[in-house]
Amino acid sequence: MDSAAPGQIELLREVLDLARSQREALSREDLDAFDAATSRREALLSATDTDAASDDDGALEALAEQILQLDRANEATLANLMVSIRDEMPALAKGAQANAAYRLSERPSTFINRVS
């Protein structure tokens, strides 16, 4: 087997760090940070040669397993977050409806002088 493609292990370590960043973003419910980390990850993964055989296959496999475990945890957290958002939607709709009931009329107010 050939040695690992230059930087392949480093790329997977960066992907692992980004998976951890995604986990932290989800724990804060920061979907913008999660999305940014996902975009960076996709760019790194597209640069990774997954077909290269290597003497470091064990190290690559261990990194891939850690990434997979984090991805599974992130997927579960994201699914739970989506459920909680879905459950909040009816309350938000009721709040919007109640707020609309207090909205001032779009017509300008007029004053009628009945004394004259």
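These numbers come from the heavy atoms of this one structure, side chains and all, not from hydrogens, waters or symmetry mates.
- The hydrophobic cluster containing Leu70 also contains Leu60, counting ILVMFWY residues as joined when their side-chain heavy atoms lie under 4.5 angstrom apart, directly or transitively.
- If you chain together hydrophobic residues whose side chains sit under 4.5 Å apart, Leu68 and Leu12 never meet in one group.
- For residues 22-31, the set of pairs meeting the salt bridge (charged side-chain N to carboxylate O under 4.0 Å, His left out) definition, not counting sequence neighbours, comprises Arg28-Asp30.
- Between atom OG1 of residue Thr77 and atom CD of residue Gln22 there is a gap of 11.0 Å, rounded to the nearest 0.5 Å.
- The salt bridge (charged side-chain N to carboxylate O under 4.0 Å, His left out) contacts involving residues 76-95 comprise nothing, where partners must be two or more places apart or lie in separate chains.
- Once rounded to the nearest 0.5 Å, the distance linking CG of Asn74 with CG of Leu81 reads 11.5 Å.
- Judged as a side chain to side chain contact (heavy atoms under 4.5 Å, CB included), and not counting sequence neighbours, the contacts of Leu44 are Leu11, Glu14, Val15, Leu18.
- Summarising the geometry, atom CG belonging to Leu78 is positioned 8.5 Å from atom CD1 belonging to Ile85; distances are rounded to the nearest 0.5 Å.
- Sorted by first and then second residue, the pairs that involve residues 60-78 and meet salt bridge (charged side-chain N to carboxylate O under 4.0 Å, His left out), not counting sequence neighbours, are Arg41-Asp71.
- Residues passing the salt bridge (charged side-chain N to carboxylate O under 4.0 Å, His left out) test with Arg40: none are found, sequence neighbours excluded.
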